[in-house]
Amino acid sequence: MERLIVVGVVVLLSACAGQPYPSVPVEERGYGAPISRPAPSAPVSSDPTPSESVPASPATSSPSTVAPVIPEAAPTDRSYAAPNPATSVAPPTSRRYAGPPPALLALMEQADQYESQGNQQAALAQLERAQRIAPRDPMVYLQLARLRLHMNDRPRAEQLARRGLSLAGGDPDLESAFKALLQELAR
């Protein structure tokens, strides 16, 4: 019985070892010209073993059938130059918030309805779901911070307001709303 298991394992391992991995080209996307290189592949055996039951495909039967990948030459013109930090244009300091996407807006409106009905836990659940969907949307943080303030959870409200202020991205209306909320929390 043990001999049969050992023979089965040897046959299985020899069948697995006989199947080479195909060469997959890998493209580097770093700074400068792209260079394509083939991925390292397992050595291909040229003599088939009697235990192999699967015939080798023509593309993997010998290493000479794999087409070589020739790296692209670097561009000869030097039209691209690294940006000079001294002459770079700074991004605008204030930009307008475009508003939440429709799905997020629906969740926030539903949270407003729950809060107006006095169901703060359901409103909190909707806003936390909105936060998971769009973790960088400042309006979600504003509404969450206001709800936490109404729930008398001042430390969490302040934390949410500060995070939202950092995400406001220079929008003056959002920044003033967050600053007013933080001033109210400081009292």
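No hydrogens or angles considered: a donor-acceptor pair under 3.5 Å links the side chains of E115 and H150. Under 3.5 Å, the side chains of R156 and Q159 contain a donor-acceptor pair of N or O atoms.
Minimum heavy-atom separation, L142 to A177: CD2-CB, 4.0 Å. Between P138 and G164, the shortest heavy-atom contact is CB-O, 3.9 Å.
Judged by distance alone, the side chain of R154 and the main-chain N or O of L185 form a donor-acceptor pair under 3.5 Å. With Y141 contributing its side chain and R136 its backbone, the two residues share no donor-acceptor pair below 3.5 Å.
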Exercise for the section: Decide salt bridge (Lys or Arg N to Asp or Glu O under 4.0 Å) for E158 and R162; before the verdict, give the C-alpha distance in whole Å, the side-chain angles of both, and the deciding distance to 0.1 Å. Expected result: CA-CA 6 Å; E158 182 179 357; R162 290 191 187 284; 3.0 Å; yes
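With contacts defined as side-chain heavy-atom distances shorter than 4.5 Å, the pair N119/Q113 does not qualify. Two residues are said to be in side-chain contact when any heavy atoms from C-beta on lie closer than 4.5 Å; D171 and E175 fail this criterion.
Separating the CD atom in Q110 from the CD atom in Q126 is a distance of 4.0 Å, to the nearest 0.5 Å. Annotation: the span from Q143 atom CD to D112 atom CG amounts to 4.5 Å, rounded to 0.5 Å. Taking CG from L149 and CD from E184, the interatomic distance works out to 5.0 Å, rounded to the nearest 0.5 Å. Atom CG of L147 and atom CD of Q121 lie 8.5 Å apart (nearest 0.5 Å). The distance from atom CG of L127 to atom CZ of R148, rounded to the nearest 0.5 Å, is 9.5 Å. Between L104 atom CG and D137 atom CG the span is 5.0 Å, to the nearest 0.5 Å.
Qualifying side chain to side chain donor-acceptor pair (under 3.5 Å) partners for R129, counting only residues two or more places apart in sequence or in other chains: none.
In this structure, V140 is not a member of the same hydrophobic cluster as Y114, with clusters built from ILVMFWY side-chain heavy atoms closer than 4.5 Å.
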